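Heavy-atom basis, side chains included; hydrogens, waters and symmetry copies ignored. First the proteins, then the strands, lettered A, B, ... as listed; each starts at 1. Predicted model, so just to flag it, every value in this text is computed and none were measured.
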Amino acid sequence: MADDSDSVASSGMMSEDEMFASSSSASAGTCQGQPEQPSTSGMEAEEKPSFTCRKMKLKDEKTCGVCGDKALGYNFNAITCESCKAFFRRNALKDKSMVCLFDNKCVVDLRTRRFCPACRIRKCYSIGMNRDMILDDSERRKRMSKVMANRARKGSSTMLTSPIAVQIKSEVDTTDSVMIPQESFHHITEVTRPPTPYGKPHGNSSDIIFKHVPKESLPTDRNMYHQLSSTDKCLLSDITEAYRSTLAAMPEMGPYSIEKEYQKASDLINHSEVVVRKLIMFVKHLEDFKHLTQEDQIAALKACVMNTLLLRSALFYNIEKDAWLTPKGEIPTSILKNATGFVSLHNNHVYYCRRVKSMALEDLNLYALLQALIIFDPAGFNVTGREFISSIQDRYIILLKHYLESVFSYDYAKDYYVSALDRLCDLKVLSEEHAKILLQVNPVDVEPLMLEVLNLK
DNA sequence: ATAGCCTTGATG
DNA sequence: CATCAAGGCTAT
């Protein structure tokens with residue numbers, strides 16, 4: 001290969017002169033040893049300690065033909081450094097607007113290479129870099145699908161050891177549950193909304209609290225409301241029912257003492273495992289989820305775990321008590337502060353809960369929709385089928401819009417729609433903040449499923 | 001936009 | 001199994 005390209009390069013349209021005449025001998029392997037330190041680096045004295053050739057292989061210095069920086073090898077048919085490689089890849093295909101502000105004679109070296117892109121790209125070509133070696137769209141696609149196919153095959157063997165995959169595959173509903181929290185949540189259109197703005201106990205955080213449209217202000221004209229199609233209704237009630245089933249308590253968990261259970265950050269994480277199990281049960285009910293490849297299923301799950309926990313905490317949040325009313329009992333939000341030591345994190349989390357709760361109240365349809373949007377988030381790390389996931393998400397975004405229009409009329413749905421999407425934006429920041437908790441946790445204390453799902457280790 | 005670091009299929 | 005040379009990702 002090397003010989004091929006070499007001959008092509010030299011016999012081709014090269015104008016010899018500049019070329020990278022230096023260091024070509026290096027590849028010849030006969031490192032003309034440089035005695036240097038005879039001490040070498042100790043190590044075992046196997047085979048000819050007197051020859052220091054071995055070392056030279058690593059030191060072997062190639063220099064970038066463009067800027068003189070250290071080079072690792074050939075890039076697009078010339079020896080260049082990493083940065084000039086990236087520069088050429090970025091710019092070679094769209095060279096148009098590249099104009100030198102001077103005389104096309106700029107010096108390009110390690111320090112000046114940024115100054116004049118035009119001269120830099122010119123020099124790239126002059127040392128023989130070849131734009132044809134940059135993969136075009138179709139070639140790139142082909143390459144990517146090779147990788148994806150390979151990953152899928154590799155994945156299936158990894159699947160056997162992946163706790164997440166086991167959980168997805170498992171037919172048994174490990175979250176089989178008994179009790180339904182509070183007096184069950186409401187169905188479509190039968191959510192009770194307070195006539196006055198929600199809560200507002202001390203009036204201090206009114207900017208946090210969502211201002212509801214007073215019931216009497218809603219239009220009476222039927223035509224001002226969207227009528228959900230029957231397929232929309234089905235989809236919505238499907239996900240809402242699936243979401244509802246994730247809310248009940250795990251049967252085997254008895255009563256427990258909160259102070260004892262949430263002392264360390266790792267306790268927090270391990271207690272979240274139940275939620276992850278439920279999340280997996282939830283997604284298994286979604287037709288759309290089944291259409292993802294297994295690796296994307298896992299990637300999507302990993303990416304949305306933190307957001308899921310946060311959304312669910314908002315659902316269970318009670319503004320008056322400043323606590324989470326879970327099926328297992330009442331958990332004061334202060335455990336967050338105590339277990340992690342992050343005060344501002346606690347505050348932000350509580351604000352988030354108040355924001356969501358004051359807007360969505362107990363409307364499970366909304367929570368289920370938000371949960372769906374969270375799962376099918378194309379921004380998730382390591383998701384290979386981004387466009388596909390994005391197209392799934394589109395359906396739920398539209399469903400959300402229609403649903404709100406069916407409840408609040410075309411006039412007022414916007415406020416809710418904007419608020420809902422805004423809460424999703426909050427999640428990004430909040431979950432990143434929560435990720436800091438993970439850093440202070442000793443992986444040894446964490447359950448395997450959570451280890452995988454949170455990418456710990 | 002840049003540049004360093006990483007993953008990966010191909011090649012020998 | 002090591003090396004090469006593509007693209008991808010992401011902090012700056």
Side-chain angles (χ1 to χ4, degrees), chain A residues 1-9 20 23-24 26-29 31 47 53-101 106 108-121 123-124 127-155 157-158 295-296 298-299 302-303 377-387 428-429 432 435-436 439 455 457:
Chain A
M1 197 42 153
D3 291 313
D4 277 357
S5 56
D6 243 336
S7 62
V8 169
F20 33 88
S23 75
S24 54
S27 61
C31 49
E47 75 169 6
C53 290
R54 273 281 90 83
K55 307 269 132 158
M56 296 312 292
K57 200 70 179 279
L58 298 174
K59 270 210 144 16
D60 179 272
E61 301 220 328
K62 303 179 182 74
T63 55
C64 174
V66 178
C67 71
D69 198 356
K70 203 160 63 178
L72 291 179
Y74 282 84
N75 291 305
F76 308 109
N77 204 37
I79 292 181
T80 75
C81 65
E82 196 82 13
S83 69
C84 288
K85 163 193 167 189
F87 172 82
F88 190 76
R89 190 173 60 211
R90 282 194 306 271
N91 298 292
L93 290 178
K94 48 163 186 186
D95 62 346
K96 204 47 193 172
S97 55
M98 299 259 269
V99 177
C100 177
L101 297 177
C106 300
V108 180
D109 64 21
L110 177 55
R111 239 192 54 257
T112 61
R113 66 190 182 195
R114 281 193 182 90
F115 300 166
C116 182
C119 285
R120 190 182 187 182
I121 197 76
K123 193 159 178 191
C124 284
I127 66 161
M129 291 182 82
N130 182 359
R131 85 167 101 211
D132 295 339
M133 299 183 69
I134 300 174
L135 272 44
D136 66 26
D137 265 30
S138 89
E139 291 171 306
R140 241 185 24 237
R141 247 170 246 289
K142 216 178 290 179
R143 187 176 184 270
M144 268 294 279
S145 66
K146 261 269 152 70
V147 172
M148 286 210 317
N150 225 321
R151 275 224 267 256
R153 199 181 292 109
K154 266 249 148 102
S157 62
T158 309
E295 54 163 354
D296 273 353
I298 291 182
K302 284 183 176 181
D377 182 0
F381 287 128
N382 297 326
V383 175
T384 51
R386 286 228 164 74
E387 327 78 29
K428 181 165 191 266
V429 178
E432 274 167 18
K436 289 178 195 158
L439 297 179
N455 282 323
K457 218 173 72 174

Novice: Can you list everything that forms a side chain to side chain donor-acceptor pair (under 3.5 Å) with A:Asp136? Sequence neighbours excluded, please.
Specialist: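 Applying side chain to side chain donor-acceptor pair (under 3.5 Å) to A:Asp136 gives A:Ser138.
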Novice: I need the A:Arg113 CZ to A:Lys123 NZ distance, nearest 0.5 Å.
Specialist: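 If I round to the nearest 0.5 Å, the distance is 11.5 Å.
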Novice: Among the nucleotides C:dC9, B:dC6, B:dA3, which one has an atom lying closest to any side-chain atom of A:Ala86?
Specialist: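 Among C:dC9, B:dC6, B:dA3, the one nearest the side chain of A:Ala86 is B:dA3.
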Novice: When the distance from NZ of A:Lys146 to P of C:dA5 is rounded to whole Å, what number comes out?
Specialist: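 Atom-to-atom, A:Lys146 to C:dA5, this comes out as 20 Å.
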Novice: Does a side-chain N-to-carboxylate-O contact under 4.0 Å join A:Glu139 and A:Lys142?
Specialist: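 A salt bridge is absent here (no side-chain N lies under 4.0 Å from a carboxylate O).
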Novice: Counting side-chain heavy atoms from C-beta on, which of B:dT2, B:dG9, C:dG7 comes nearest to A:Arg140?
Specialist: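 So the nucleotide nearest the side chain must be C:dG7.
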Novice: I need the NZ-C1' distance between A:Lys142 and C:dG8, as an integer number of Å.
Specialist: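 For the pair A:Lys142 NZ and C:dG8 C1', the rounded distance is 19 Å.
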Novice: Just the rounded figure in Å: distance from C1' of C:dG7 to CE of A:Met148.
Specialist: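 These atoms are roughly 15 Å apart.
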Novice: Side chain of A:Glu82: nearest nucleotide among B:dT2, B:dC6, B:dG9?
Specialist: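 Of all the options, the side chain of A:Glu82 is nearest to B:dC6.
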Novice: Donor-acceptor pair, A:Arg131 side chain versus A:Leu93 backbone, under 3.5 Å?
Specialist: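 No: the side chain of A:Arg131 does not pair with the backbone of A:Leu93.
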Novice: Quick one: list whatever passes side chain to side chain donor-acceptor pair (under 3.5 Å) with A:Ser145, sequence neighbours left out.
Specialist: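 For A:Ser145, no residue satisfies side chain to side chain donor-acceptor pair (under 3.5 Å) once neighbours in sequence are set aside.
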Novice: Quick check for you: among C:dC9, C:dA5, B:dT2, whose closest atom lies nearest to any side-chain atom of A:Tyr74?
Specialist: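 Ranking C:dC9, C:dA5, B:dT2 by closest atom to the A:Tyr74 side chain puts C:dA5 first.
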Novice: Give A:Arg143 one of three labels, base, sugar-phosphate or nothing, depending on what nucleic acid heavy atoms sit under 4.0 Å from its own.
Specialist: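 Result for A:Arg143 = base.
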Novice: Classify the side chain of A:Arg90 versus the base of B:dA1 as yes if they form a donor-acceptor pair under 3.5 Å and no if they do not.
Specialist: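 Result: no qualifying N/O pair found.
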Novice: How would you label the contact of A:Arg141 with the nucleic acid (heavy atoms, under 4.0 Å): base, sugar-phosphate, or nothing?
Specialist: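 Result for A:Arg141 = nothing.
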Novice: Scan A:Ile134 against the nucleic acid and name what it touches under 4.0 Å (heavy atoms): base, sugar-phosphate only, or nothing.
Specialist: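 Sugar-phosphate, backbone atoms only, no base.
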Novice: Taking the side chain of A:Arg89 as its heavy atoms from C-beta onward, which of C:dA5, B:dG4, C:dG7 lies nearest to it?
Specialist: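 Comparing C:dA5, B:dG4, C:dG7 against the side chain of A:Arg89, the answer is C:dG7.
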Novice: Starting at CG of A:Asp132 and ending at P of C:dA6, how long is that distance when rounded to a whole Å?
Specialist: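 That distance rounds to 12 Å.
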Novice: Starting the side chain at C-beta, find the nucleotide from B:dA1, B:dC6, C:dC9 nearest to A:Lys85.
Specialist: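 From the listed options, B:dC6 comes nearest.
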Novice: It should be established whether A:Asn150 places a side-chain nitrogen or oxygen under 4.0 Å from OP1 or OP2 of nucleotide B:dG9.
Specialist: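 The answer is yes; a side-chain N or O of A:Asn150 sits under 4.0 Å from OP1 or OP2.
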Novice: Of all the choices, B:dG4, C:dA6, C:dA5, which nucleotide is nearest to the side chain of A:Arg113 once you look at every atom?
Specialist: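 Of the candidates, B:dG4 comes closest.
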Novice: Counting the atoms with a prime plus P, OP1 and OP2 as sugar-phosphate, which does A:Met133 contact under 4.0 Å by heavy atoms, base, sugar-phosphate, or nothing?
Specialist: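 It contacts sugar-phosphate atoms only.
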Novice: Figure out the CG/C1' separation between A:Asn75 and B:dC5, and round it to whole Å.
Specialist: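 Rounded to whole Å, this separation is 14 Å.
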Novice: Could you grab the distance from atom CG of A:Asn77 to atom SG of A:Cys124, nearest 0.5 Å is fine?
Specialist: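 Those atoms lie 12.5 Å apart.
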Novice: Counting only side-chain heavy atoms from C-beta out, which of B:dG9, C:dA6, B:dA3 sits nearest to A:Val147?
Specialist: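 Between B:dG9, C:dA6, B:dA3, the one nearest the side chain of A:Val147 would be B:dG9.
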Novice: Between A:Arg120 (CZ) and B:dT2 (C1'), how many Å, whole number?
Specialist: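 So the two atoms are 8 Å apart, to the nearest Å.
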Novice: Could you give the CD-to-P distance, from A:Glu139 to B:dG9, as a whole number of Å?
Specialist: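 It works out to 17 Å between those atoms.
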Novice: Within this structure, what is the CG-to-P distance between A:Leu72 and C:dA2, rounded to whole angstrom?
Specialist: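 So the CG-P distance, A:Leu72 to C:dA2, works out to 18 Å.
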Novice: Does A:Asn91 have a side-chain nitrogen or oxygen under 4.0 Å from the phosphate oxygens OP1 or OP2 of B:dT2?
Specialist: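 The answer is yes; a side-chain N or O of A:Asn91 sits under 4.0 Å from OP1 or OP2.
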